[in-house]
Amino acid sequence: MKPGSFVAYPFATISLILACSAESRPFDSILASFNILSEQSPLRDYIMGTPSEQVSTGVIISDVIGKTQNIAIFSGLTRDIDTVSSRLDNAAQNATVLAPDNSVMRNLKRKPWEDPEDYDTLGANAYQGSSGEDRARANLERFVQAHIVAESPWEEGKKVKTLSGNQIWWETKDGQKMIQPANVKVTSIAEKVSNGEIWVLAGTLT
Ligand SMILES: *[C@@H]1O[C@H](CO)[C@@H](O)[C@H](O)[C@H]1NC(C)=O
């Protein structure tokens, strides 16, 4: 078993949770499973070990995205969205993953599968029933895709489209990488592997 693979487990159930519990609070139960993994643990230190400045050859994003604990919530969502997980698992297609950290994901004003317009047009039951589940799933997919850029290396100032079709770029302000136009800080680069990089964000891009 790879050291990071244990963290993948809680997310295998997200589709099931999404599908089964329109009335309970599915996201909260995912978050609950994360509260048991503390931010500072010997295991985390072991897994995080040496921050990777050099590119690990042969290793791809899907191999490593589960091992960075401070983005575990977002990385779990990437594994659950087929269009994204297949992309990150493709050694021939580079990507830059812009992963909001766990505290950002915990403090979202609305769940990543909620869209205020759905509530406006459909009311409080917007995510109930099978069409509601489809709607939630499509919104979740768009949320995750809005945090994946289909190229790496990604040069400063270069305008690129995310997998959801939004145009973004990054620039350096006071020595700090900022994703624009959302003006979201990149707090670290968690991984550099053969098909791309994983950047950790202090906010979301939607
Ligand atoms: C993909 O990423 C690797 C590692 O950074 C890089 O060497 C390679 O040139 C990239 N390929 C493309 C098509 O951008």
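Remember, it's 1-based here, ligands and their atoms both numbered in the order they're listed.
Residue-to-ligand polar distances place Asn94 within reach of ligand 1: an N/O pair is separated by less than 3.5 Å.
Listed by number with element, the atoms of ligand 1 under 4.0 angstrom from any heavy atom of Ser152 are 1 (C), 2 (O), 10 (C), 14 (O). Atoms of ligand 1 found under 4.0 Å from any heavy atom of Ser194, numbered from 1 in the order shown, are 1 (C), 2 (O), 3 (C), 4 (C).
Side-chain N/O atoms of Glu114 and Tyr119 include a donor and acceptor closer than 3.5 Å.
With respect to Lys67 and Glu191, a salt bridge is recorded, a charged nitrogen being found less than 4.0 Å from a carboxylate O. Residues Arg137 and Asp80 are paired through a salt bridge, judged by an N-O separation under 4.0 Å between the basic side chain and the carboxylate.
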Going by atom type alone, with no hydrogens or angles, which donor-acceptor pairs under 3.5 Å involve a side-chain atom of residues 199-206 and a protein atom two or more places apart or on another chain?
residue: Trp199; atom: NE1; partner: Glu197; partner atom: OE1; Å: 2.9

